[in-house]
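Read through the structure below, which is laid out as structure tokens, and then see the notes.
Note that ligands are numbered from 1 as they come in the structure, with each ligand's atoms numbered from 1 the same way.
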Amino acid sequence: MTECVFCRIASGDVPAKEVYRDDDAIAIEDLNPQAPVHLLVISVKHYPTIGEATGGDSSDAAISAALIRIASRLGEERGGRRGYRLVINTGIDGGQTVGHVHVHVLAGRTMGWPPG
Ligand code: 5GP
Ligand code: ZN
């Protein structure tokens, strides 16, 4: 069995509050929300990082585009006129803690800049 928690959520082995699913991606509520709206858009197929998701063949590129499309649609829905933030943490310096590509959708409060 895979050790990757997001693969296990995508396959249904680990429960999550799912808000969207299609053949390529799911969106769930983050377990430890950092904003009133905090969703994760996760590829069904395992890619360690966004670089690896975009660096493969054209079907991989289509999936990374789908992640952004789904994330921005959820941001529009949940953030409304106030807006939202999409984040893709990558690698150690990027603050990535789960090694399976995902897009954070944050909304419901004013975000700070620069990020920590
Ligand atoms: P990263 O730090 O890799 O950018 O983001 C990983 C995110 O996944 C974190 O915000 C963390 O709270 C969330 N997370 C980690 N494990 C789980 C889990 O089992 N279920 C859900 N729903 N979120 C998780
Ligand atoms: Zn995985």
Please lay out, stage by stage, how H102 and V41 fare under the test side-chain contact (heavy atoms from CB on, under 4.5 Å).
CA-CA 5 Å; H102 52 281; V41 182; over 6 Å; no
Residues T54, D60; criterion side-chain contact (heavy atoms from CB on, under 4.5 Å); working and verdict:
CA-CA 6 Å; T54 54; D60 296 332; over 6 Å; no
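Atom CG of residue L86 and atom NE2 of residue H104 lie 10.5 Å apart, to the nearest 0.5 angstrom. Atom CD1 of I9 sits about 8.0 Å away from atom CG of L40, to the nearest 0.5 Å. Annotation: the span from T110 atom OG1 to R82 atom CZ amounts to 4.5 Å, rounded to 0.5 Å. D13 contributes atom CG, which lies 11.5 Å from atom SG of C4 (distance to the nearest 0.5 angstrom).
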Kindly print each ligand 1 N/O atom paired with any protein N/O atom under 3.5 angstrom away, one pair per line, or none if nothing qualifies.
unit_1, atom_1, unit_2, atom_2, d
ligand 1, 2 (O), G95, O, 3.2
ligand 1, 2 (O), T97, N, 3.2
ligand 1, 2 (O), T97, OG1, 2.6
ligand 1, 3 (O), T97, N, 2.7
ligand 1, 3 (O), T97, OG1, 3.3
ligand 1, 3 (O), V98, N, 3.0
ligand 1, 3 (O), H102, NE2, 3.0
ligand 1, 4 (O), N89, ND2, 2.8
ligand 1, 4 (O), H102, NE2, 3.1
ligand 1, 4 (O), H104, NE2, 2.8
ligand 1, 5 (O), H102, NE2, 3.0
ligand 1, 5 (O), H104, NE2, 3.2
ligand 1, 10 (O), D30, OD1, 3.3
ligand 1, 10 (O), D30, OD2, 2.5
ligand 1, 12 (O), D30, OD1, 2.5
ligand 1, 22 (N), E29, O, 3.0
ligand 1, 22 (N), L31, N, 3.4
ligand 1, 23 (N), L31, N, 3.3

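Using the six-membered ring where Trp is involved, H100 and H46 have ring planes that are perpendicular, over 60° apart on the 30 and 60° scheme.
The count of protein N, O or S atoms under 2.8 Å from the Zn ion (ligand 2) stands at 4, with waters excluded from the count.
Annotation: D22, atom CG; neighbour count of heavy atoms from other residues, nucleotides and ligands within 6.0 Å is above 12.
Using a cut-off of 4.0 Å between Lys/Arg side-chain N and Asp/Glu carboxylate O, R73 and E76 are scored as not salt-bridged.
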